[in-house]
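The structure under discussion appears below in the form of structure tokens.
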Amino acid sequence: MRSLRTGLSLAALVTGAALLFAAPVAHAADTPLRDLADAQGKVVGTAVTGSKLTGTYGDIAGAQFNSLTPGNAMKWGTVEPAQGSFNWSEADQIVAFAQAHHQQVRGHTLVWHSQNPSWLTNGSWTTAQLGSLLRNHISTEVGRYKGEIAAWDVVNEPFDEDGTYRSTLWYDGLGAGYIADALTWAHAADPDAKLYINDYNVEGVNAKSTALYNLVKDLRSRGVPIDGVGLQAHLILGQVPSSLQQNIQRFADLGVDVAITELDVRMALPSDATKLAQQAADYRSVVNACVAVARCAGVTVWGFTDSDSWVPSTFPGYGAATPYDENYAPKPAYSAIAAALGGTTTPPPTGACTAAYSVPSQWNTGFTGQVRISCSGASLSSWKAKWTFGAGQRITQAWNATCTQSGSAVSCANASYNDAVPDGGSVTFGFNGSWSGSNPVPAVTLG
Ligand code: XIL
């Protein structure tokens, strides 16, 4: 670099620009979440949409997460839209992507009241027929991905809020025994997969989670293969249950794993800095609670970007629920997850104003200099740019600023008409100067 600062390297200097201070774009260099999670022995996962796994979406999904959950691709309605006619394409694609990126897959979900094919829900079945349909579905799907799925959400959302069984195709047709049967059939199809029951509003200690607790306890006592409990954690801003860690611990004490399977934290739109800070605190509390309990396997977010979240269409007026915004910029929640996983707490990008010095033209003993002040995520209502000339240069005339020079120290203040630099905007001023020998580019500071 030294040799650049000579008169012989003017061409380089003329096009060069000196940054005043760089905006904090440190996230690119931060340790990926998956590395932090690996170091903790935890999963950090995301739900994904297969068709989106290219470009920036694919880059982030592959780089930041050590586990993927198909958001819809493994649901019955997706994989068997017409009876006996299967479509595994998106599920296969996600599994292949995960394998290529050394990620686990969380299979989701085998037995649910929702997103079933209409041939199934509209059919009229005897108890025996319904049981064999379910058994065949589980054997087929779990068998197809045998050895490739770390954990299956075998049964999804079996309870009502008061802790009674939800009235569903399965409960109504087969009775509560469908849960133990489904687990048993899944275990037979892939003995190595961890088998979970998954539900929402079971994050804190309440009637619903206590019903789930009692079910798991009963299944364990009967030797039914149940390995874990999934707490979906579709949360509302500022409403992380205070008993979350205690609840995780009580399931762990039954001898099962616990996973946060579908974390998102929705807020009333539009988002603002205060809400995003609260959201970060909420994400942090959830990940902290999981890190604090050895049997908590990890945390999966239900979509990592606001552009791929179920929230806006499901909860009108709400959104911004994930750790990345719609343009894939990490939000404060991202840093909060990293911090809770033991990473450094890089402050989220807050924006900055920067000044770039350049020499558009130069001749004999004279030159024209230019300073461009740009703001992104920040703004200025007035400005002063300062620098020190390193080789005896002197300003002879300035425009769009008032410049004074004392020895080698230059200070240029805004004119009355260009004092404001708005967020996303810039202001440029120029000057003529004299030089001899060399004309090195100075470092500019804004004050
Ligand atoms: C959601 C998907 O994200 C949406 O794309 C789909 O339209 C509806 O289902 N609990 C679950 C998930 O277990 O399967 C749901 O996923 C969200 C709630």
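Remember, it's a predicted structure, so these values are computed and weren't measured experimentally. Counting starts at 1 for both ligands and their atoms, in listed order.
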Decide whether a cation-pi geometry holds between R250 and Y213; the criteria are a distance under 6.0 Å from NZ or CZ to the six-membered ring centre and an angle within 45° of the ring axis.
yes
Could you tell me whether a side-chain N or O of D218 sits under 3.5 Å from a main-chain N or O of N214, the two making a donor and an acceptor?
no
Which ring pair (Phe, Tyr, Trp, His ring centres under 6.0 Å) pairs, counting each pair once, include a residue from residues 37-65, with sequence neighbours left out?
Y57-F304, F65-F304
Using heavy atoms and a strict 4.0 Å limit, residues surrounding ligand 1 turn out to be N72, K75, H108, W112, Q115, N156, E157, Q232, H234, E262, W302, W310
Sidechain-backbone polar pair: R284 side chain, I337 backbone, donor-acceptor under 3.5 Å
no
Has the side chain of D160 got a donor or acceptor atom that lies under 3.5 Å from a matching backbone atom of G163?
no
Output yes when a side-chain donor or acceptor of Q93 lies under 3.5 Å from a complementary backbone atom of G50, and no otherwise.
yes
